[in-house]
Protein chains: 2
Amino acid sequence: MSRNEPEPTLNDDAARAGWLYYVGGLTQDQIATEIGVSRQRAQRLVSRAMAEGLIHVRLNHPIGACLDLEAELTARFGLMRCRVVPGLGPGSDGVRATAPAAAAELERFLRMPEPLVIALGTGRAMRGMVDAVTPMDADQHRLVSLIGNIAPDGSASFFDVVMRIADKVRAPHYPMPVPVISPTPAENAAFHALGPVKKVVDLARAADVIFVGVGQMSNDAPLLKDGFVTRLELDEMQEAGAVGEVAGWVFDSRGIYLDVGTNIRTGGVRVAPGLDRPSIGIAAGASKVPAIAGALRARIINGLVTDEPTARALLNRL
Amino acid sequence: MSRNEPEPTLNDDAARAGWLYYVGGLTQDQIATEIGVSRQRAQRLVSRAMAEGLIHVRLNHPIGACLDLEAELTARFGLMRCRVVPGLGPGSDGVRATAPAAAAELERFLRMPEPLVIALGTGRAMRGMVDAVTPMDADQHRLVSLIGNIAPDGSASFFDVVMRIADKVRAPHYPMPVPVISPTPAENAAFHALGPVKKVVDLARAADVIFVGVGQMSNDAPLLKDGFVTRLELDEMQEAGAVGEVAGWVFDSRGIYLDVGTNIRTGGVRVAPGLDRPSIGIAAGASKVPAIAGALRARIINGLVTDEPTARALLNRL
DNA sequence: TCGCTTGCTGAGTAAATGCTCACAAAACGG
DNA sequence: CCGTTTTGTGAGCATTTACTCAGCAAGCGA
């Protein structure tokens, strides 16, 4: 029942070392003695436990300033859910900060006993969230991807988000078997005419709750960096007013989806504005502020997990 | 909506510092700069965040050895639930190790949507568990104490367990308004004849799930240390074969409740052996092994949260 | 008002941590 | 079977952390 590995250990040791260090408060020297290894092996085990995410750290105190920001954002944009976490200082990235809170938000839904259809986007924020989720049994739910799983270069590194989370919580999952962005509108249409694709699309459209990242369309656009759009396409869309993107679908500063550039060839499901079901965006970072503001304004997302500086920036731009 | 304190800060700062340190991985120097305090103030804030339980650390990896022990214990004693956590080394106490796992176990029930009656004992293990619980809304449940809340010396320090947890999860709670142990059987009976007491007793008897610590009756018995029984009473009960105690009720090595000593004057509700509902013991430590074994044998508890060395010791005594 | 206690602060320092490096064992490829 | 690459190990050392201690300010009783 327990394991395949006979008895010894793998990064079981790492978990144990991390436990002794963070929960037990032992020194690494004591841990070394305890497990019977050298001091610096203990140090490696401890840092490994952290790196591998074997140890989860969560904040358990409502910091006043963050609560205030949550309340303001909720009021300002009529949100269904809002979490603001303290920022991690100037240099640090927003994913790290938001991941634990986003995971907690996702877990809320996973723990619900009635079966849900949960739709997910991709991107770094999603990936961070998934990594921070605690494994659990949630096979009553179905997890569906909003975005195609066929990349231009064939790499699948970005599409294991849904697979990973499905694996972690033992839920069935439905990838979207279309290209993220097809070369031509016709080819995209051809894919979406296929029966199996239609099924997944229908499922995603009917999702009870949606989790997505929000991408900026400035020159550091994730779509560009990951090779989904070319520099020329980006220029064209910027010209047309593009400021952000959700699940690959590009919109302007009011959150209105554009009809130019890759938008006419994007596969998968577009998140409809003004849904009555939760559509939660996970996003933080100064460069994402206009994008997030647009998505919130049009109610492409009606829930938000972000960090403190981003929250302030959102509120400061009347 | 948010806080009473106007805007500044209290140990909000501690939470923030802890967040930056544990989640953000900043050095204490950077944190000092970030919040604008001296380096050693930052260090104090960080350690305070830990001490106050503002930061929760949980292990997220099934350590093979512990899983095996869980399986063995479950089979051996026919348990409904079993968690074994790695020990924290020789010197360290069991409460520290078991508290996070016990809290997770309790939270499982708290998250259930249907209203439950949850009965709780007292003691250090319970206290540790409660401190480790994440605040949440669980007002569908009722929390009831198994044990009287009138101490011999009037101190109430041990009885705030139910109150604390009720406060944390915003659930109604029902303390047991009787002495833990009355001077005479008659006085105890008099208390229990009172209408309000009967109500609470009935509620506790009908509990859907029970959480208790397990006390040893050796010379380091918690009942003795906390002044609930005298040295003479302890001697008398040891003579009669007492090895352990659950919610103040003393039993022998087979888990059979005794009819001597304080047992004839103990207030509150005795956990009935062989319940079909979960009755979960939280206990770890070498000196508790005979007590735990007795409670398990008679099925006073049918669930267990303990640590690795205790689990081994339990299995080694055929 | 004065002296006392209490609690917090910062400086200095011992301890603990994590990083780099050179080396060895194991895995891999020919 | 041998050379090459990869992975892991321990030692030394720079950095970071935690502890102790003396001083200082606020609160309190006289």
Side-chain angles (χ1 to χ4, degrees), chain A residues 4-59 61 63-64 86-93 96-97 157, chain B residues 5-61 63-64 86-93 96-97 157:
Chain A
N4 294 330
E5 305 93 325
E7 346 73 17
T9 47
L10 54 175
N11 63 356
D12 265 29
D13 274 344
R16 185 178 295 265
W19 170 265
L20 291 169
Y21 188 72
Y22 289 106
V23 181
L26 301 210
T27 164
Q28 301 186 343
D29 241 331
Q30 299 174 283
I31 296 171
T33 312
E34 183 78 13
I35 320 193
V37 297
S38 73
R39 190 184 68 74
Q40 50 272 62
R41 174 141 182 77
Q43 129 74 359
R44 278 186 193 108
L45 287 171
V46 169
S47 73
R48 162 165 221 165
M50 220 7 151
E52 297 272 324
L54 271 36
I55 299 287
H56 277 202
V57 178
R58 274 188 197 173
L59 184 59
H61 181 84
I63 298 187
L88 291 180
S92 204
D93 72 311
R96 184 125 173 231
S157 58
Chain B
E5 304 91 326
E7 348 73 16
T9 48
L10 56 175
N11 62 356
D12 264 29
D13 274 344
R16 185 178 294 265
W19 170 265
L20 292 169
Y21 188 72
Y22 289 105
V23 181
L26 301 211
T27 167
Q28 301 185 343
D29 239 331
Q30 298 174 283
I31 295 171
T33 312
E34 183 77 14
I35 319 194
V37 298
S38 73
R39 193 182 63 72
Q40 50 269 64
R41 174 139 182 82
Q43 128 75 2
R44 281 187 191 106
L45 287 172
V46 169
S47 75
R48 163 166 221 165
M50 221 6 152
E52 299 271 327
L54 271 36
I55 298 287
H56 276 204
V57 178
R58 273 188 197 174
L59 184 58
N60 214 25
H61 179 84
I63 298 186
L88 291 180
S92 205
D93 73 312
R96 185 123 172 233
S157 58

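Chain naming here is simple, since letters A, B, ... match the order of the sequence lines and numbering starts at 1 in each.
Residue A:L20 forms a side chain to side chain contact (heavy atoms under 4.5 Å, CB included) with just one option from A:I31, A:V46, A:L45, and that option is A:I31.
Rounded to 10°, the helix from C:dT1-D:dA30 to C:dG30-D:dC1 has 30° between the axis fitted to its first five pairs and the one fitted to its last five.
With values rounded to the nearest 0.5 angstrom, A:Q43 atom CD is found 8.5 Å from A:Y21 atom OH. Between the CD1 atom of B:I35 and the CG atom of B:L26 there is a distance of 9.5 Å, given to the nearest 0.5 Å.
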- prompt: Given A:V57 and A:M50, is the side chain to side chain contact (heavy atoms under 4.5 Å, CB included) satisfied, shown in steps?
  reply: CA-CA 9 Å; A:V57 178; A:M50 220 7 151; 3.8 Å; yes
Please produce a list of atom pairs where a protein N or O lies less than 3.5 Å from an N or O of nucleotides 25-27 of chain D.
none

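B:R39 places no side-chain N or O within donor-acceptor distance of the main-chain N or O of B:Q28, the cut-off being under 3.5 Å. Proximity of a side-chain donor or acceptor of B:W19 to a complementary backbone N or O of A:P86 within less than 3.5 Å is detected. In this structure, A:S38 contributes its side chain and A:R41 its backbone to a donor-acceptor pair below 3.5 Å.
Counting to the nearest Å, the P atom of D:dA11 and the CZ atom of A:R41 are 14 Å from each other. Going from atom CG of B:D13 over to atom P of C:dC8 covers 14 Å, rounded to whole Å.
Between A:R96 and A:L88, the closest side-chain pair of non-hydrogen atoms falls below 4.5 Å. Side-chain atoms of A:I55 and B:L59, non-hydrogen and from C-beta on, do get closer than 4.5 Å to each other.
Within the structure, every side-chain polar atom (N or O) of A:S38 is placed at least 4.0 Å from both OP1 and OP2 of D:dT9.
Across all their heavy atoms, B:G18 and B:A49 have their closest contact at CA-CB, 4.0 Å.
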- line: In 5'-to-3' order, the base (B), backbone-only (S) or no-contact (-) status of each nucleotide in nucleotides 13-24 of chain C, using a 4.0 angstrom heavy-atom cut-off, is ---SBB-B----
